Amino acid sequence: MGLPPIDLAVFHNAGFERRQCRITQLWFWTTDKNRDTCGDTPEDEYTFIGAPLIKGFDMRGKALKDAMREAFLNFFEDVQHTRIEPYPVLARWRDDIHLTIASIADFQPHVTSGQVEPPANPLTISQPCIRLTDVDAVGRSGRHLTTFEMMAHHVFNRPDDGKMYYWMEECVQYCHQLMTDTFSIPVDEISYVENPWCGGGNAGAAVEVIVGGLELATLVFMNLEEHPEGDIELKGDFYREMPLQIIDTGYGLERFCWAAAGTPTIYEAIYPESVSWLKDLSGFSTVTSKWPELDLDTLLGEMSRLNGIMNIEPGVDADELQTTFLRRLAERGIEVTVEQFSSITEPLAKIYAIPDHLHALTNMLGDGLVPSNAKAGYLARMLARRTLRMRDDLGLAISLPELAKHHIDVNLGGQSMKQTHDGLLEVLRLEEERYGEMIRKGGNVIVTQLKDLPKETEIIPDEILFQLNDSHGLAPDMVVTLAKNAGWNNVLIRTGFAAEMAERHARMAKQAAQSVESNTLIESPQHLPATIPLYYEDVQQRDFDASVLATLPLLGDDIPDGATHGIILDKTCFYPEGGGQEGDYGSLFTDSKRVKVLDTQKVGNLVVHLTDGSFETGALVHGNLDWARRKQLMDHHTAVHIVGGAARRVLGPHIYQAGANKSVESGRLDITHFRRLDRDDLDAIESLANEVLGKVQRTEKIELNRKDADKKYGFDLYQGGAPKGNSIRILRIADHDIQACGGTHHDEPGQIGSIRLVRSAAVQDGVERLHIVAGKAALDYARRQDEILRTTSKLYGVPQHELPKTSERFYNEWKEQRKTIEQLEAEIVRLRTSGGGSDTTVIDGVRIAIMEVSGDLKKMTKMLKELTLDKSNPTLAVLGSREGGGKLMIAVTEDTVANERYNAVELLRTIAPHINGGGGGRPTLAQGGGSNADGLDDALAAARSNVGL
RNA sequence: GGGCGUUUAGCUCAGUUGGAAGAGUGCUUGGUUUGCAACCAAGAUGUCGUGGGUUCAAAUCCCACAACGUCCA
């Protein structure tokens, strides 16, 4: 069974009829007797271009958005909805997505699963969203955006508990009233299309609101969940009703603005100042003035109308699309040539896309994101680089920070940000610097990669393009530009290459997804009650009594040496590994038996003690913690929080925890920052952290439900990752650091003693790893360092403070002496071979030098140079050394009678067997070695006889 | 989280099948000229990222680590 028709009184009262779309086959409601399409089909054009369908909103840009948003929110406030402030665009309360992609994302997963109460019910919100999936189409079509605001009214009904606020009838009623009253949209222009929605395991009926060919809103009635025995079938899957029934609506703010402005594209409606500014900067009028007969507004208007019905999606072949476009424009009486079309649309697409990209970028950075080469930070870098490329293509002489500053002034005036404006502009300045560096290097890389290709080459091999893109960040069209600059004038990108590259990336992503697997520690235990944690109530407690609920065999190969059993108790003060803090060690015992706890882990809501022995179920055991270990772990854990707070204070509001680990030896904290830290930064953070130890008397541990926690402290709470349940445990170190954290912490920070920042390392671009030692570990560390200095200082026989100077002197002297030795060795060879010494003979104008020397192949090479590089003295030299089983080296002077007469390789082959060796080389230089140094005399003798001595 | 690339003189980078460590630029000295990023000659500068391995022989092949870069999710 599918879903029943959506048959509402509101439709009938307003004179709507239910029809089936001739093209999509979907059912829709309309008052227009002549309409036989649902409105969102390839045959439905935008009717609002040049003829706005929303009346009473004559402003443009930010003012228009503000007015539209207010009108929407006010309308719903008037009908008993609570207005909720928008969430950040970085979805930090979630670990499955980086960016807020819809207003409902604010409430996923905990509110939508029913675990957590919504902040208000029903509620209304206008949520800034970022979606990068269509980034390629932005600017090229008249309507795609990466950043948009989703206006919404949400309801969370629980009919089983008698909490039913409203459902379809009222929802559509509100929507219809908003459309017709607040926005004065003619009823004839509205279609309500029935199109069930499903995704992520949920589904429900849905109504799309189409106005003038544009989908303005979607109303989703999510009341179904996927279930194999469900009796409702949608698109091949089975669903059943769920207790929580959610209305999820989405009204595209920018689309409302467009319908109110009736501009040729959506960009002119929402970013008019930016568009005209960029047109001026790029000299766009000089392009259009070439063809005064073209009416640009009409052309763009017609294009937008066509855009609505011709899908410009990533991967669509550009040439083919252009041909179709020109044909359809001609059908409408607009004659443009290919040249006119591309000279107008190419720069224009960039002029449109830049403000959109800047909007997304400034919002992301404003939320404190740091650009990076991985994770969410990469998304920001990608946008920054796309913007820079478009800027360069347009030939704009303006920096990225200047572009952003203009955008902020014009389009984001007054919006509060977490990151400071100066910080944001600094981040962009650094991004631009990196981009410039990449282009500069790219020029070199391209010349190297293409150097084997003839200059008249047209097609660059796919493999080279893939590699340049993936490894060097040079997109194919950049490669073409740079290659042309370097002299390959005919290169172009072959048709279909972009699609193939996308396919290749998709394949790689698929492979990567397959390689993820998880292993389990124990067999899922049968309905045991959650272990009661004693480690929160009293972090100092190290002894306890408990009864054994189960002893299970351990599975998998990720278990400590000697561990054989997993013991589950009714309560414990052993902390299980979590939040980056390692598990506790210790022992469990009865009067007659003692087992070691080698690690503690959490499985579901059970604490599993990994032990080297077992107990009977029901046994009463006494537990004893390895307190030194726990104390050290707590030192490091609390220290990590303090250092995080100190880093934020010192470096700026964008400092966010990207990961952490606390072991006995040290603590590790990964923080987001846009440049490498130097020792001065570390010192500043370290000093502040130690100050906090002295100043803050007590840490505060608070337990709140999620709704209140979010409200009171915001999403920076979730730096350690998004917690699962409704109850949030919060650690507060005065105003220094406030975080949700399930670890064990000191009540008094002073107990840590001292904190040292040992060093920092780069985990990835934009993420710095701080290595921290605290408490006893700090002391141990200092002692180890001291020991190293003492040993070294004893070795050199100088006081510790002289060590750097002495090392430098020793190193320089070593270098000098090495050079001197080389020169002396060469001198010895010269002396032995000059003046007719016994080691040399002359045969028919070729000097023959056969002798034993000392040294390895490298030294012998130097000697050979002395003997054979002088072309005025043709020489055959055979050197032998007893080092390492015997070495032989033979050279003849190149381009002389010597190499005409003698072949070094052949000679080597005949004499090498005497030292049980082999070798090879070129006819003028051969080298070899063996395992019988005693045979060296024979080898040299063989060489002599070979040349006739 | 996954993939790929790079690391050689102060700088920018070559280095082919494993067999003598290279170019340009900069530097020093001398000459020539002082208006060009001037010209000529000679010279100095190297832990070929670090540590292992294979080999008679490693900048080159293999492994680990590190730093840097880059693409994708």
Side-chain angles (χ1 to χ4, degrees), chain A residues 95-99 132-133 371-376 378-379 381-382 385 434-435 437-445 447-449 451-452 463-476 478 501-517 658-659 676 759-766 769 811 814-816 818-819 856-869 877 879-881 883-894 904-905 908-909 912-913 915-933 939:
Chain A
D95 49 18
D96 54 341
I97 51 174
H98 293 308
L99 299 169
L132 297 177
T133 43
S372 163
N373 51 7
K375 296 189 179 176
Y378 177 70
L379 303 175
R381 175 158 294 167
M382 181 190 76
R385 294 203 165 166
R434 284 173 180 278
Y435 173 78
E437 184 67 3
M438 188 186 82
I439 301 284
R440 192 188 61 73
K441 288 212 162 133
N444 289 333
V445 171
V447 172
T448 310
Q449 294 267 2
K451 70 168 191 285
D452 292 335
E463 273 313 308
I464 292 184
L465 283 177
F466 284 136
Q467 218 214 333
L468 286 171
N469 184 78
D470 286 8
S471 304
H472 301 282
L474 300 167
M478 273 158 79
M501 190 161 80
E503 211 169 282
R504 196 170 125 133
H505 284 153
R507 260 203 317 277
M508 281 161 57
K510 207 171 171 185
Q511 274 173 11
Q514 282 169 352
S515 61
V516 180
E517 54 175 298
R676 292 302 310 267
R759 64 194 171 95
S760 71
V763 179
Q764 60 192 222
D765 200 24
R769 173 163 294 171
Y811 180 69
W814 166 77
K815 260 170 44 171
E816 272 168 36
R818 200 181 51 166
K819 225 178 302 166
D856 59 12
L857 282 172
K858 223 159 199 149
K859 282 183 181 166
M860 291 163 79
T861 308
K862 293 268 196 296
M863 299 178 203
L864 279 176
K865 271 187 180 177
E866 281 295 328
L867 287 169
T868 61
L869 281 183
L879 299 185
S881 159
E883 199 158 290
K887 306 276 183 213
L888 285 169
M889 201 154 195
I890 303 175
V892 294
T893 312
E894 281 178 29
V905 179
L908 180 74
R909 294 246 164 85
I915 55 167
N916 294 342
R922 299 193 310 247
T924 55
L925 178 85
Q927 47 195 281
S931 56
N932 176 27

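Fair warning: this is a prediction, and the values are worked out from it, not measured in the lab. Letters go in sequence order (proteins before strands), and every chain restarts at 1. Scope of the values below: all heavy atoms of this structure, side chains included, with no hydrogens, waters or symmetry mates.
- A:A761 comes within 4.0 angstrom of the backbone, heavy atoms only, and of no base.
- Base pairing annotation: B:A9 forms no Watson-Crick or G-U wobble pair, as no partner gives both donor-acceptor distances under 3.5 Å.
- In a base pair of the Watson-Crick type (N1 to N3 plus N6-O4 or O6-N4) or a G-U wobble (N1-O2 and O6-N3), with each distance short of 3.5 Å, B:C65 is matched with B:G49.
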B/S/- contact track for nucleotides 49-63 of chain B, protein heavy atom under 4.0 Å: -------BS------
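- The phosphate of B:U70 (OP1 or OP2) has a side-chain N or O of A:R385 nearer than 4.0 angstrom.
- Under the salt bridge (charged side-chain N to carboxylate O under 4.0 Å, His left out) test applied with A:D765, the options A:K375, A:R676, A:R434 reduce to a single match, A:R434.
- Heavy atoms of A:K441 sit under 4.0 angstrom from primed sugar atoms or phosphate atoms, though from no base atom.
- Here the nucleotide nearest the side chain of A:R676, chosen from B:U70, B:C68, B:A14, is B:C68.
- Using N1 to N3 plus N6-O4 or O6-N4 for Watson-Crick, or N1-O2 and O6-N3 for G-U wobble, each under 3.5 Å, B:G1 pairs with B:C72.
- A:E437 comes within 4.0 angstrom of nothing in the nucleic acid, heavy atoms only.
- Nucleotide B:U33 is matched to nothing when pairs are restricted to Watson-Crick or G-U wobble geometry with both distances under 3.5 angstrom.
- Within 4.0 Å (heavy atoms only), A:N444 reaches sugar-phosphate atoms of the nucleic acid but no base atom.
- The nucleotide B:G43 finds its pairing partner in B:C27, both defining distances of the Watson-Crick or G-U wobble pair being shorter than 3.5 Å.
- Residue A:R381 has no polar side-chain atom (N or O) positioned under 4.0 Å from OP1 or OP2 of B:C71.
- Checked options A:L468, A:N469, A:L465; the residue passing with A:L474 is A:L468 (criterion: side chain to side chain contact (heavy atoms under 4.5 Å, CB included)).
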